[in-house]
Amino acid sequence: MSTMAGGAFADVLRQVGQGLALPLRSRVKILRELAFDLDELSADLMARGVPAEEARRRAAEALVPHAEALTALDRIHAPLYQRVTRGVTAHRLRAAERGALFALTSGVVLVEGLALRRVPLSGDPSTWLAPVLAAGGLLFALTAAKAFALFVKGDHRHPARGLNAILAAAGVTLALGVAGGFFELYGLALALEARPELAGTLLVAWLGRTAVLLAVSLLLALAGGLAWFFIVQWISVAEGGQAEILGIHPHPPTRER
Amino acid sequence: MTDDGFDVQGFARDINELLVLASLRGGAKHGYQIALDVETDSNGLFRFQHGTLYPILHRLEEEGLIQGSWSKEGGRRRKVYALTQRGERHVVGGADRIQDVVSRLLSVLRRPGEATA
């Protein structure tokens, strides 16, 4: 009795999906249920002798949610965060969220700095460590904001927005570390030329500074890169479910050579 | 219904919810089957239009009056709803409430008119 909904009702389902302001997973569940019901109801009507076109029209008329029903579904399936903050004005909520993100990022950078002071070899840190930590702080803030929007707030209107910024911040963090390493090396060469008798002391100090700088930048960039990868995969899986219902192949086959 | 005020919209919503619950007394069903059965059983008097069925189903599910479960058949996932015990009790209570409202309404409508001078 069943036919795949994607083709016949794809446009209708796409409109419903766009009309729902819900997290992707809730949206996909609703679309999946609707797609099945549309198929089955139209097939049932056709089995009773209703012409195919008329059967599809009647099924859509009965089952496809209009604005009022979409709003009701949004309220029913709203994430916990949206339910809890329903009484707070958008302006206040945005200010509170930004304040919390700033405080969290500052706290993380502070803890990071304090932890580094306890690490051996970090007694005489590179001047490049501060920009690396600042870039790491920015990376953390961008990742935390995106994760908060996706997993707590349930704001999935533009799930991929801001992901490139995370990747860029990770790249900048790593680039600053590597650039700092090169400049430290150049500094060492200059120092050795001026004071060759202190070669041993200068070399050990350079080694410590550069090791800390590179390790910190590499770890921060790696953490950011992993966070980016996780979020991208998660979005891909969630959007894949919606694409499957709409009958759209999420990854079109590449052209044969 | 409460004695301190009658909410017409709430009454209409209650009727829709009870129709869904009553339909599920016959066994677990998919959403479209519920819509079809309600229309058929009421001889076309009650009909869910414009997707109004889904907010009702999902609200009832959230309230624990029905239980939705997903199954996979023929490579497709489908959702089926079943009445819970709480839902069963709700139908009985709801039918009593509606009977009370209708009987009060009829008693007003059928009250003999006072003779005019």
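Convention: sequence-line order gives letters A, B, ...; per-chain numbering from 1.
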Taking B:Y54 as the fixed residue, which of A:D37, A:V16, A:I30 is the one that meets the side chain to side chain contact (heavy atoms under 4.5 Å, CB included) rule?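 Exactly one candidate clears the test, A:D37.
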So which residue, B:K79, B:R47, B:H58, ends up with the most heavy-atom pairs under 4.5 Å with chain A?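 Top count of heavy-atom pairs under 4.5 Å with chain A: B:H58.
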Report yes if the distance between the aromatic ring centroids of A:W234 and A:H156 is under 6.0 Å, otherwise no.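 Centroid separation for A:W234 and A:H156: below 6.0 Å.
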Tell me, for A:L34 versus chain B, whether the close heavy atoms (under 4.5 Å) come from the side chain, the backbone, both or neither.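 Both parts, backbone and side chain.
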Please determine whether a side-chain nitrogen of the Lys or Arg among A:E53 and A:R57 lies less than 4.0 Å from a carboxylate oxygen of the Asp or Glu.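 Salt bridge: no.
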If you measure from the Lys or Arg side-chain nitrogens to the Asp or Glu carboxylate oxygens, is any gap between A:E33 and B:R77 under 4.0 Å?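 No, this pair does not count.
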At a heavy-atom separation under 4.5 Å, does B:L57 approach chain A through its side chain, its backbone, both, or neither?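 The side chain, not the backbone.
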Region of B:Q49 that comes under 4.5 Å of a non-hydrogen atom in chain A: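 When you check distances to chain A, atoms from both the backbone and side chain of B:Q49 fall under 4.5 Å.
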Identify which of A:K29, A:E61, A:R75 forms the greatest number of heavy-atom pairs closer than 4.5 Å to chain B.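 Looking at each option in turn, the highest pair count goes to A:E61.
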A side-chain contact here means heavy atoms from C-beta on lying under 4.5 Å apart; do B:R97 and B:F11 qualify?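 The answer is no; the side chains never approach within 4.5 Å.
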